[in-house]
Amino acid sequence: MAANPPFTTTLLVRDSCLCLHVQRAARALARRFDEALRPLGLTNGQFSLMMSLNRPEPPGMAAVAALLAMDRTTLTAALKPLQRRRLIKVTADLSDRRGRLVTLTANGRRLLVRAIPVWQSTHSEVEALLHGGDANRLRKNLRALS
């Protein structure tokens, strides 16, 4: 076996690796949404997390973690800055004292209302960049991978 992989393999991975291309696109999208949401003091991850809490009934930690494809430890860490800003509150689940429910506060709901138009505008800009304009196909394909 050769001591080094051939450079042609490097080029093949660079040009065809789905994982690489999804990671690059995810980082670029994250930067774009972070910049758009920065005036509101939110990151794209915080916006997504807060949107995941916008439900008729407060979700449990496991449900939020599953929706966001996070482990519970990462979710707990992501909730801390939002708790400090009093945008969310975490309470014991009365039906299972070991469980925790996560709720948007009134301040959190007000901030989310302000953030949604920013997200909508940025999202429209991103969709306009897609060749052929078929964002639904991309979403379907991404869901298949997740």
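- Scanning all heavy atoms of the two residues, the minimum distance from M70 to A78 falls at CE-CB, 4.4 Å.
- Going from atom CZ of R143 over to atom CG of N141 covers 9.5 Å, rounded to the nearest 0.5 Å.
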Check the pair D34 / R31 against side-chain contact (heavy atoms from CB on, under 4.5 Å), numbers first and verdict last.
CA-CA 5 Å; D34 282 346; R31 283 190 301 269; 5.6 Å; no
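- One finds the OG1 atom of T10 at 10.5 Å from the CG atom of D15 (value rounded to the nearest 0.5 Å).
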Run the side-chain donor-acceptor check on residues 126-136: report pairs under 3.5 Å with partners two or more places apart or on a different chain.
unit_1, atom_1, unit_2, atom_2, d
E127, OE2, R139, NH1, 2.8
E127, OE2, R139, NH2, 3.2
D134, OD1, R137, N, 3.1
N136, OD1, R139, NE, 3.4
N136, OD1, R139, NH2, 2.7

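- The closest side-chain donor-acceptor pair between T105 and N107, if any, does not fall under 3.5 angstrom.
- At least one donor-acceptor pair closer than 3.5 Å links the side chain of S48 to the backbone N or O of N44.
- Taking every heavy atom of both residues into account, A36 and T122 meet most closely at CB-OG1, 3.2 Å.
- Contact of the L68 side chain with the L49 side chain is registered, since non-hydrogen atoms from C-beta on lie closer than 4.5 Å.
- Put simply, the residue from L104, L101, T103, L87 that forms a side chain to side chain contact (heavy atoms under 4.5 Å, CB included) with L53 is L104.
- Counting non-hydrogen atoms of neighbouring residues, nucleotides and ligands closer than 6.0 angstrom, the CG atom of L11 exceeds 12 such neighbours.
- Within the 4.5 Å cutoff, side-chain heavy atoms of D71 are placed close to those of T74.
- Nearest approach of P59 to S52, heavy atoms of both residues: CG-O, 4.2 Å.
- T76 has its side chain out of reach of R100: every pair of non-hydrogen atoms, C-beta onward, lies at least 4.5 Å apart.
- For E57, the CD atom counts as loosely surrounded, since its 6.0 Å shell holds 12 or fewer non-hydrogen atoms of other residues, nucleotides or ligands.
- When all heavy atoms of G41 and Q46 are compared, the pair lying nearest together is O-OE1, 3.8 Å.
- Using a 4.5 Å heavy-atom cutoff, the side chains of F47 and T43 are not in contact.
- Residues I116 and L37 share a single hydrophobic cluster, defined by chaining ILVMFWY side chains whose heavy atoms lie under 4.5 Å apart.
- The main-chain N or O of V118 is never found under 3.5 Å from a side-chain atom of S121 such that the two would form a donor-acceptor pair.
- Remark: the backbone N or O of F33 is not paired with any side-chain donor or acceptor of H123 at under 3.5 angstrom.
- M50 places none of its side-chain heavy atoms less than 4.5 Å from the side chain of R109.
- By the side chain to side chain donor-acceptor pair (under 3.5 Å) test, Q23 pairs with no residue at all, sequence neighbours left out.
- Between P81 and A77, the shortest heavy-atom contact is CD-O, 3.3 Å.
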L79/M61 under side-chain contact (heavy atoms from CB on, under 4.5 Å): CA gap, chis, key distance, verdict:
CA-CA 10 Å; L79 291 171; M61 297 278 282; 3.5 Å; yes
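- Residues W119 and M51 form no side-chain contact, since every pair of their non-hydrogen atoms from C-beta on lies 4.5 Å or further apart.
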